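The structure under discussion appears below in the form of structure tokens.
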There are 2 protein chains.
Amino acid sequence: MATSEKRQEILHAALELIAEHGFHGAPIASIADRAGVGAGTIYRYFENKDVLITELFRELHDKIQMALLEGYKTDRSLREQFLHVSTALLRYLIANPLDFRFLEQYLNSPYGVAFRRGRLLGTGDDNDLFRMLLEDGVARQIVKDLPLVVLCALTIGPLLAVSRDHILGFIDLDNALIMQTVQACWDGIKR
Amino acid sequence: MATSEKRQEILHAALELIAEHGFHGAPIASIADRAGVGAGTIYRYFENKDVLITELFRELHDKIQMALLEGYKTDRSLREQFLHVSTALLRYLIANPLDFRFLEQYLNSPYGVAFRRGRLLGTGDDNDLFRMLLEDGVARQIVKDLPLVVLCALTIGPLLAVSRDHILGFIDLDNALIMQTVQACWDGIKR
DNA sequence: ATTTTAGGAGTGAATGTTCACTCCTAAAAT
DNA sequence: ATTTTAGGAGTGAACATTCACTCCTAAAAT
């Protein structure tokens with residue numbers, strides 16, 4: 001097995017275990033087992049467990065940003081762009097339930113708070129499509145003049161919540177329901 | 001110290017520690033210390049840690065339902081009732097940050113999933129004001145005809161998210177912002 | 001071409017720590 | 001005197017991390 005493969009195996013094993021059983025259910029020993037490596041090997045690739053998990057999140061975040069850009073047209077109306085990105089996010093999350101579950105675990109932990117804090121204090125030029133869209137909408141007076149974090153709460157919040165409900169089997173998020181949900185989010189933030 | 005006081009001390013100590021440091025930061029020994037009792041004493045009042053935490057949530061849930069009923073008028077329009085309840089929820093959460101932080105920890109853990117599952121499969125006659133309001137709105141065609149869980153996602157989701165942002169210091173949820181946020185939630189679900 | 005050597009990736013048993021929970025003693029209540 | 005309650009040291013299990021060791025590969029020496 002090549003070196004980079006081994007690294008990926010470890011990341012993937014950690015993702016699966018955390019997604020399936022939460023942080024509690026993902027001891028290093030289990031991650032090593034599932035990745036097919038020795039426990040000590042993990043520490044050749046990652047300084048410690050925290051670094052492993054943070055790195056996992058970073059890669060996932062990038063991957064999702066890429067997915068949101070798929071089919072994104074810069075010449076559409078803001079509303080259409082919002083609907084596109086939101087729909088893409090929902091589709092990604094329900095197509096990749098393991099990614100979603102991990103993301104949720106992460107964001108609802110001390111890791112996530114640190115991430116959010118860094119994000120908000122950042123310069124704003126990071127690659128967060130959602131955030132840019134909302135800021136643009138406020139500037140052009142298409143979206144309600146509310147703080148960015150409130151707009152995020154009104155959009156990303158529900159999107160994550162319905163994804164969870166779908167993955168847990170509480171609802172069946174088919175195409176029609178996805179569109180209705182995304183539209184409802186837009187109704188909430190539009191002027 | 002009377003028996004019931006001791007029980008309350010234990011519950012309160014657990015609430016504080018979990019709110020401040022998460023489940024990880026609330027070992028039995030610390031809970032006992034903060035409550036001013038011996039570790040063994042806790043097991044005289046609660047079968048195990050799970051029962052203690054579940055009980056804590058149950059009491060908190062009841063307390064919040066009571067707070068939502070404060071000043072609730074049955075003769076107002078659905079919209080006004082929704083705004084009232086949502087505003088009351090926001091006010092309660094930002095006035096009781098420890099309660100909020102605990103609630104969040106709980107709902108985003110395996111406990112919370114179990115709770116939500118029980119809730120959705122239940123008969124619907126439990127004392128959940130929010131849920132009743134939304135169901136009523138759908139029946140009277142005032143609210144979008146979406147599954148109940150989606151409507152919950154569109155309302156409770158953002159409310160919890162902005163509360164968190166306020167408590168973490170990312171925004172200042174003053175009266176004006178509370179009203180705007182609640183109104184935005186309504187805009188999202190109204191027909 | 002064959003053997004020797006070096007280096008570093010990989011390992012998992014051992015370590016020290018933390019945890020939920022138990023159990024026995026002592027104090028308080030009856 | 002007897003029963004009930006409280007306490008906290010003790011217990012074993014689970015955990016992240018370490019470290020002394022084992023390969024394996026590929027370069028160097030012959």
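Convention: sequence-line order gives letters A, B, ...; per-chain numbering from 1. All figures in this text were calculated on a predicted structure; none of them were measured in a lab.
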Does OP1 or OP2 of C:dG10 have a side-chain N or O of A:Lys6 closer than 4.0 Å?
-> yes

side-chain contact (heavy atoms from CB on, under 4.5 Å) partners for B:Ala39, two or more places apart | B:Ile28, B:Ala32

Would you mind reading off the distance between A:His21 atom NE2 and D:dA14 atom C1', rounded to a whole angstrom?
-> 16 Å

Enumerate the protein-to-nucleotides 12-15 of chain C contacts in which both atoms are nitrogen or oxygen and the separation is below 3.5 Å.
unit_1 : atom_1 : unit_2  : atom_2 : d
C:dG12 : N7     : A:Gly40 : N      : 3.2

Pairing annotation in dot-bracket form, given for DNA chain D with Watson-Crick or G-U pairs under 3.5 Å and | for cross-strand partners | ||||||||||||||||||||||||||||||

Can any side-chain N or O of B:Asp128 pair as donor or acceptor with the backbone N or O of B:Arg131 at less than 3.5 Å?
-> yes

Does a side-chain heavy-atom distance below 4.5 Å link B:Val37 with B:Glu9?
-> no

CD of B:Glu16 to CD1 of B:Ile31, rounded to nearest 0.5 Å, is 11.0 Å

Is the side chain of B:Ser30 donor-acceptor paired with the backbone N or O of B:Ala26 at a distance under 3.5 Å, no angle test?
-> no

Rounded distance in Å - NZ (A:Lys49) to C1' (C:dT18) | 14 Å

For A:Ile53 and D:dC15, what is the distance between atoms CD1 and C1' respectively, to the nearest whole Å?
-> 13 Å

Candidates D:dA6, D:dT17, C:dA9 - which lies nearest the side chain of B:Tyr45 = D:dA6

Nearest-nucleotide comparison on DNA chain D, the residue closer to the 5′ end among A:Glu47 and A:His24 | A:His24

When the distance from CD of B:Glu9 to C1' of D:dG7 is rounded to whole Å, what number comes out?
-> 16 Å

Rounded to the nearest angstrom, tell me the gap between atom CZ in B:Arg34 and atom C1' in D:dG8.
-> 19 Å

B:Glu5 has an atom CD; how far is it from atom P of D:dT5, in whole Å?
-> 16 Å

When rounded to whole Å, the CZ to P distance for the pair B:Arg44 and D:dG8 reads 15 Å

Results of side-chain contact (heavy atoms from CB on, under 4.5 Å) for B:Leu78 - residues two or more places apart only = B:Gln81, B:Leu133, B:Asp136, B:Arg140, B:Ile142, B:Val143, B:Trp186

Counting side-chain heavy atoms from CB outward, which of D:dT17, C:dC21, D:dC15 is closest to A:Ile28?
-> D:dT17

A:Glu55: partners by salt bridge (charged side-chain N to carboxylate O under 4.0 Å, His left out), with sequence neighbours left out | A:Arg7, A:Arg58

Under 4.0 Å between a side-chain N/O of A:Tyr43 and OP1 or OP2 of C:dG10, yes or no?
-> no

Ring centres of A:Phe23 and B:Phe23 under 6.0 Å apart?
-> no

Given atom CG of A:Asp33 and atom P of D:dC15, what is their separation to the nearest angstrom?
-> 12 Å

Report the residues that fulfil ring pair (Phe, Tyr, Trp, His ring centres under 6.0 Å) with B:Phe57, sequence neighbours left out, ordered by chain and then residue number.
-> B:His61, B:Tyr106, B:Phe115

